[in-house]
Amino acid sequence: MNIKDYRDKELKSYVIGINLLLVLFNYNYLFEVDFSKENLDVIIQIESVVLPLLEAIAVSSVVGVFVFILDSLYNTRIKEAITLAKFFKKPGMTIFTEIKQGNINDYRINLKKAATKYKNIIENIPTGDAKYNYENSEWYKIYNKHESSEKILVSQRDYLLCRDMCTATVTEAIIIIVGMIMGLVPKAWSIFIVLLIMYILTLIATHNKADRFCKNVIAQDLSKSDD
């Protein structure tokens with residue numbers, strides 16, 4: 001299973017969808033055309049609608065291309081910064097502390113069994129910031145045992161897709177700002193409102209999917225120990 005195939009499918013559809021939303025929200029002249037005027041020149045009227053629309057679609061297509069190019073240049077650290085990973089710790093960085101404290105609300109994870117299975121890991125959790133790298137490293141070792149599982153692959157793919165949607169939204173905003181400065185994109189607050197809403201939604205989705213991915217690994221590991 002190629003977990004990066006979303007870049008040619010869902011991610012492209014997302015970028016196209018965002019651009020179409022921006023066109024609809026900011027080209028209100030499409031809805032202001034009055035076809036009821038008595039001496040309306042239909043050809044001129046249609047031209048006044050179609051040409052700006054085609055121009056908007058062309059610009060949005062160019063923006064979409066640049067979004068994919070720039071997104072490919074981002075490394076993991078940049079994507080983590082965009083998704084606020086420093087403010088919202090990766091689930092793998094706190095998973096064993098949560099097991100220790102009994103703070104996991106997932107019916108698939110038996111906390112008593114997990115605390116027993118990962119007793120050595122839990123007992124060796126360091127203090128301070130060092131515990132985050134330690135826990136994430138131990139979680140990653142468990143992940144490596146089950147990385148070929150279809151359930152794990154699907155959940156990892158979902159997480160990466162949401163993360164890249166989030167970074168693509170920020171990239172889109174940067175490109176649009178540059179376009180506004182160059183006079184290629186109309187200056188409208190509605191553009192930033194749409195992008196802000198989509199950023200918040202994809203940010204929440206990213207962290208939800210990351211949490212699901214992390215817990216799927218633990219659930220899978222616990223279920224295998226029952227075999």
Side-chain angles (χ1 to χ4, degrees), residues 1-27 53-54 56-93 106 108 136 139-140 143-144 146-179 185 190-220:
M1 179 181 182
N2 179 15
I3 63 173
K4 286 296 186 96
D5 64 349
Y6 64 81
R7 293 184 61 82
D8 295 322
K9 299 176 182 177
E10 291 94 333
L11 188 59
K12 264 185 184 175
S13 298
Y14 173 76
V15 173
I16 292 171
I18 285 289
N19 287 324
L20 288 176
L21 271 178
L22 295 179
V23 170
L24 291 175
F25 272 91
N26 294 285
Y27 286 84
L53 178 59
L54 291 176
I57 292 174
V59 171
S60 66
S61 298
V62 172
V63 170
V65 170
F66 277 104
V67 166
F68 281 107
I69 293 174
L70 292 177
D71 184 70
S72 299
L73 299 178
Y74 294 155
N75 58 29
T76 302
R77 288 185 178 276
I78 294 176
K79 291 187 177 184
E80 287 181 355
I82 292 174
T83 54
L84 306 179
K86 286 191 175 182
F87 296 96
F88 304 96
K89 299 297 182 186
K90 290 181 181 178
M93 292 180 168
D106 190 318
R108 301 169 305 160
N136 196 58
W139 173 85
Y140 191 74
Y143 158 74
N144 279 332
H146 310 288
E147 62 179 336
S148 60
S149 166
E150 184 175 356
K151 182 187 295 184
I152 302 303
L153 287 170
V154 170
S155 59
Q156 184 180 14
R157 182 183 185 278
D158 289 345
Y159 158 64
L160 293 174
L161 170 61
C162 291
R163 184 198 65 180
D164 285 3
M165 282 181 173
C166 189
T167 58
T169 304
V170 173
T171 304
E172 179 108 12
I174 294 171
I175 294 173
I176 286 176
I177 290 172
V178 173
V185 179
S190 55
I191 290 178
F192 294 105
I193 291 173
V194 171
L195 290 175
L196 179 61
I197 291 172
M198 295 312 301
Y199 172 71
I200 293 172
L201 290 176
T202 53
L203 180 65
I204 293 171
T206 297
H207 290 284
N208 285 344
K209 290 298 183 181
D211 184 69
R212 184 70 174 177
F213 172 39
C214 175
K215 288 175 180 173
N216 276 350
V217 170
I218 298 299
Q220 180 83 355

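Since the structure is predicted, the reported quantities are computational estimates derived from the model, not experimental observations. Basis for what follows: all heavy atoms, side chains included, without hydrogens, waters or symmetry-related copies.
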Flag the pair Arg157 / Leu160 as yes when at least one side-chain heavy-atom distance between them is below 4.5 Å, and no otherwise.
no
Hey, does Asn208 have a side-chain heavy atom less than 4.5 Å from the side chain of Tyr159?
no
Passing candidate, side chain to side chain contact (heavy atoms under 4.5 Å, CB included) with Leu195, options Ile193, Ile191, Ile197:
Ile191
When you compare the side chain of Arg108 with that of Asn216, does any pair of heavy atoms fall below 4.5 Å?
yes
Rounded to the nearest 0.5 Å, the CD1 atom of Ile176 sits from the OG1 atom of Thr171 at a distance of 11.0 Å
Over all heavy atoms of both residues, which pair between Cys166 and Thr206 is shortest? Give the atoms and the distance, please.
CB-OG1, 4.0 Å
Value for CD1 (Ile82) from CD1 (Ile78), rounded to nearest 0.5 Å, stands at 7.0 Å
How about Lys215: does its NZ atom have over 12 heavy atoms from other parts shown lying under 6.0 Å from it?
yes
Spatial distance of atom SG (Cys162) from atom NZ (Lys209) [nearest 0.5 Å]
6.0 Å
Within a strict 4.5 Å, meaning less than it, do heavy atoms of the Cys214 and Trp139 side chains meet?
yes
Would you please test Arg212 and Asp158 for side-chain contact (heavy atoms from CB on, under 4.5 Å) and show each step?
CA-CA 9 Å; Arg212 184 70 174 177; Asp158 289 345; over 6 Å; no
Roughly how far, to the nearest 0.5 Å, is the CG atom of Leu203 from the CD1 atom of Ile200?
8.0 Å
Gap between atom CE of Met165 and atom CD1 of Ile18 - 0.5 Å precision:
9.0 Å
side-chain contact (heavy atoms from CB on, under 4.5 Å) between Gln156 and Glu147, intermediate numbers included
CA-CA 9 Å; Gln156 184 180 14; Glu147 62 179 336; 5.8 Å; no
Any side-chain donor-acceptor pair under 3.5 Å between Thr202 and Tyr14?
no
For His146, all residues meeting ring-ring contact (aromatic ring centres under 6.0 Å, His included), sequence neighbours excluded:
none
